[in-house]
Amino acid sequence: MLPMKDKIYSHIIKCLDQLKLKYNKDFLVEVPNNIEHGDFSTNVALISAKMNNLKPRKMAEKIADTLGRKRSYRSVEIAGPGFLNFRLSNSIYHEALVKIIKAKKTFGSSDHGRGKKVLLEFISANPTGPLNVVSARAGAYGDSLYRIMTSAGFEAFREFYVNDAGNQVAILAESLELRYRELHGEKIEDFPIEAYHGDYIKELAANLNTVDGSKLFHISEEERLERMKNFALDEIHKMQVESLEKFDVQFDNWMSEKKLRQEGILEEALSYLAEANCTYEKDDAIWFSSTQFGDEKDRVLIKTDGNPTYLVPDIAYHLTKYQRGFDVIIDVLGPDHHGHVAKLRAAILALGLNIDKLEVVYLQHINLIQKGEVVKMSKRAGKIVTLNELIDEVGKDAARYFFIDRKPNAHLNFDLELAKKKSNENPVFYCQYAHARINSILKKAKKEKISLKEFEIKNLKKLNKNDELSLIKKMLELPSLLITCAESREPHRLAGYVHELAGMFHRYYAKYKIVDSNHLELSQSRLFLISAIKNVIAISLDLMGISAPNKM
RNA sequence: GCGCCAGUAGCUCAGCAGGAUAGAGCAACGGAUUUCUAAUCCGUAGGUCUGGGGUUCGAGUCCCUGCUGGCGUGCCA
């Protein structure tokens, strides 16, 4: 279904052609903030008047004269410096309302993305511990963006990059080894500061002990550490998947660094860089001359000890993103990784790949607030708040809502107490309650034997209150809103939208009686209206991964 | 030092790629329940959009610059 704005846009173009007027096609059709400015307004005359040697108001007049005769418009007025304000006939809204109901769960979706292939990489937390709240934000953001982009017609894929090779993982294995020894009575004097201190390592050691007992002492150290590593990686991966499931976040692919190494992609990437004359040897290391691509200084690719730096697998990984034929590559990164992107961009340029395909979204820090104070988190000391704890504490729905509600590159204060409150202070319940409330009204109607089955569309003309038309108008914003969310990679707009729609419904509910057997046709019309609202709220919440309860 | 991000009501934040009189929630104060679920609604109050320049019909939004805060700037990942 064509969004209302697009319909008006095309009416205007047709009219301009008819009048042989030139125009700047970047003009906008918008819903004005002020209801007195009509249902929709456009700045077409303001930005195109000069091209026709006309004053903006004069040009607007010509358009208004022609379009004003169309039946769809109740009025077309000129305002201010040359805005055109449109008021639509009620019947247009009524027809649209029917379409919302008929579209069911597909309302709001579009083919805007034309099947463009989009790779969304998010979370990609190290496989060295449970997921924390930073991952939680990334998960909520990435997954919602995935849902929204899919609904807007993109072919999107979710990917989690697992750094299951290299230094961190070696340290993980060593940490586990120490805890395992401890379990067997050895006294560990100084638990190394760079090791992982969290209690989960002790649990892993205990689990490992249940499986393998003490037999690991009878194999070589190399074999033992390999066993430790694989065991830890497996277990932690399972932990992460499990928490993400509770958070309703899934991935289409877990890309393993180890696998990239095994398949020789690192060498492939390095050879491409060498072919492009972008590498050189110095101080027994191999360097990437990234400065010629805008980086501050050149970077080491292969260390003096012969091992690659973390940059190499990352370049290799991104090489595969391009090789797999994605049109848009979105990296969702934490705040501490932005220094890294200059190097990566340099590498992509060096490889001769299209840099415009790569987009980076930075998610800023999160402060958890408890009793007005910031909860201190420290990974080293094992003092982290995990995704699991967060879900146990405030629930999946509230957690997701709070993360999605903020725009990605803004710092986020997460008030744990507020998220827990089951009251009007908590916006997520406000939205869900609107949905539950509508359901309860529908049930009540059923009880009073008012059914929508014998409802006649022509009775919709009973819906003539401004509040009712505004509700329809609001619902009609969804399709273009979802496109905006998808294009700007900003799901937070959707959170604001549901909140507004829920608010409009709550006010409508307070003001008007919906179920009234003395006014059957009116009741049915209003039930029809609120069914549509219920549908739109459910769709929106679902796109954010939040449940829409029928009862609260 | 350099780079990235941010600075809007007492607090937390929106502001829909430059539009008309800057919005919402919370907190504060005053009101509304024999209900269609009060997890709601109505009302009051609250602002030099960090300071300064510029671009144009028009700037919270774009450009330059100052200030403040966060982060980054490893042969760690």
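Convention: sequence-line order gives letters A, B, ...; per-chain numbering from 1.
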Checklist entry - Hey, are A:Lys462 and A:Glu521 close enough for a salt bridge, meaning a charged N less than 4.0 Å from a carboxylate O? => result yes

Checklist entry - Can you check whether A:Tyr430 has a side-chain N or O nearer than 4.0 Å to OP1 or OP2 of B:rC41? => result yes

Checklist entry - Using atom C1' of each nucleotide, how far apart are B:rC62 and B:rG58 to the nearest Å? => result 13 Å

Next on the checklist: Using the C1' atom as the point on both nucleotides, what is the distance between B:rC11 and B:rC16, in whole Å?
Outcome noted: 25 Å

Sub-3.5 Å pairs of nitrogen or oxygen atoms, protein against nucleotides 28-34 of chain B:
none

Next on the checklist: For residues 437-446 of chain A, which residue pairs pass the salt bridge (charged side-chain N to carboxylate O under 4.0 Å, His left out) check, not counting sequence neighbours?
Outcome noted: A:Lys444-A:Glu448

Next on the checklist: Counting the atoms with a prime plus P, OP1 and OP2 as sugar-phosphate, which does A:Ala436 contact under 4.0 Å by heavy atoms, base, sugar-phosphate, or nothing?
Outcome noted: base

Checklist entry - Checking all strands, does A:Val341 fall into the base, sugar-phosphate, or nothing category for heavy-atom contacts under 4.0 angstrom? => result nothing

Next on the checklist: Using O4'-C1'-N9-C4 for purines and O4'-C1'-N1-C2 for pyrimidines, with syn meaning within 90° of 0, is B:rA14 syn or anti?
Outcome noted: anti

Item to check | Of all pairs that satisfy salt bridge (charged side-chain N to carboxylate O under 4.0 Å, His left out), the ones with a partner from residues 121-137 of chain A, not counting sequence neighbours | outcome: A:Glu121-A:Lys321

Checklist entry - Contact class for A:Lys407 vs. all strands (heavy atom < 4.0 Å): base, sugar-phosphate, or nothing? => result sugar-phosphate

Checklist entry - Angle class for the A:Phe505/A:Tyr509 ring planes (parallel below 30°, perpendicular above 60°, tilted otherwise)? => result tilted

Item to check | Residues that A:His318 engages under ring pair (Phe, Tyr, Trp, His ring centres under 6.0 Å), provided they are two or more places apart | outcome: none

Checklist entry - How are the rings of A:Tyr161 and A:Tyr317 set to each other: parallel, tilted or perpendicular (split at 30° and 60°)? => result parallel

Next on the checklist: Please classify the nucleic acid contact of A:Ser41 as base, sugar-phosphate, or nothing, using heavy-atom distances under 4.0 Å.
Outcome noted: base

Next on the checklist: Which residues pass the ring pair (Phe, Tyr, Trp, His ring centres under 6.0 Å) test with A:Phe455, not counting sequence neighbours?
Outcome noted: A:Phe528

Next on the checklist: Checking A:Asp164 against A:Ser256: is there a side-chain donor and acceptor pair closer than 3.5 Å?
Outcome noted: yes

Within the sub-3.5 Å range, which N or O atoms of nucleotides 57-61 of chain B have a protein N or O partner, and how far apart are they?
from, atom 1, to, atom 2, distance (Å)
B:rC57, OP1, A:Lys50, NZ, 3.0

Item to check | Closest contact, heavy atoms only, A:Ile514 versus A:Leu527 | outcome: CG2-CD2, 3.9 Å

Checklist entry - Would you call A:His499 stacked on B:rA24, i.e. ring centres under 5.5 Å apart with the planes less than 30° off parallel? => result no

Item to check | Listed partners of A:Asp295 passing salt bridge (Lys or Arg N to Asp or Glu O under 4.0 Å), at least two apart | outcome: A:Arg299

Checklist entry - If you write RNA chain B from 5' to 3' in dot-bracket form, with Watson-Crick or G-U pairs under 3.5 Å, [ ] for crossing pairs and | for pairs with another strand, what do you get? => result (((((((..((((.....[...)))).(((((.......))))).....(((((..]....))))))))))))....

Next on the checklist: Does a side-chain N or O of A:Asn409 approach OP1 or OP2 of B:rA6 to a distance below 4.0 Å, or not?
Outcome noted: yes

Checklist entry - With a non-hydrogen cut-off below 4.0 angstrom, is A:Tyr497 in contact with a base, only sugar-phosphate, or nothing? => result nothing

Item to check | Ring centroids of A:Phe83 and B:rA20 base under 5.5 Å with planes under 30° | outcome: yes

Checklist outcome for this item: The complete set of salt bridge (charged side-chain N to carboxylate O under 4.0 Å, His left out) pairs with one or both residues in residues 472-484 of chain A, sequence neighbours excluded, reads A:Asp39-A:Lys473, A:Lys474-A:Glu477, A:Lys474-A:Glu500

Item to check | Pairwise C1' distance, B:rA20 and B:rU33 [rounded to whole Å] | outcome: 40 Å

Next on the checklist: Base, sugar-phosphate or nothing for A:His506? Non-hydrogen atoms, less than 4.0 Å.
Outcome noted: sugar-phosphate

Item to check | Same-atom distance (P) from B:rG60 to B:rC76, integer angstrom | outcome: 49 Å

Item to check | Phosphate-side-chain proximity, A:His492 and B:rG15, N/O vs OP1/OP2 below 4.0 Å | outcome: yes

Checklist outcome for this item: side-chain hydrogen bond (donor to acceptor under 3.5 Å, both in side chains) filter on A:Ser110, not counting sequence neighbours, yields none

Next on the checklist: Does A:Lys303 have more than 12 heavy atoms from other residues, nucleotides or ligands lying within 6.0 Å of its NZ?
Outcome noted: yes

Next on the checklist: Treating primed atoms plus P, OP1 and OP2 as sugar-phosphate and everything else as base, which nucleotides of nucleotides 67-77 of chain B get B, S or - for protein heavy atoms under 4.0 Å?
Outcome noted: ---SBSSSBSB

Checklist entry - RNA chain B: A:Lys513 or A:Asn85, which has the more 5' nearest nucleotide? => result A:Asn85

Next on the checklist: Taking atom types as they are modelled, would you say the side chain of A:Asp405 forms a donor-acceptor pair with the base of B:rA24 within the 3.5 Å cutoff?
Outcome noted: no

Next on the checklist: Checking A:Asp467 now: which residues fulfil salt bridge (Lys or Arg N to Asp or Glu O under 4.0 Å) with it, not counting sequence neighbours?
Outcome noted: A:Lys511

Checklist entry - Strictly by modelled atom types, are A:Tyr280 and A:Asp298 linked by a side-chain donor-acceptor pair under 3.5 Å? => result yes

Checklist entry - With sugar-phosphate meaning primed atoms plus P, OP1 and OP2, does A:Ala342 contact a base, only sugar-phosphate, or nothing at under 4.0 Å between heavy atoms? => result nothing

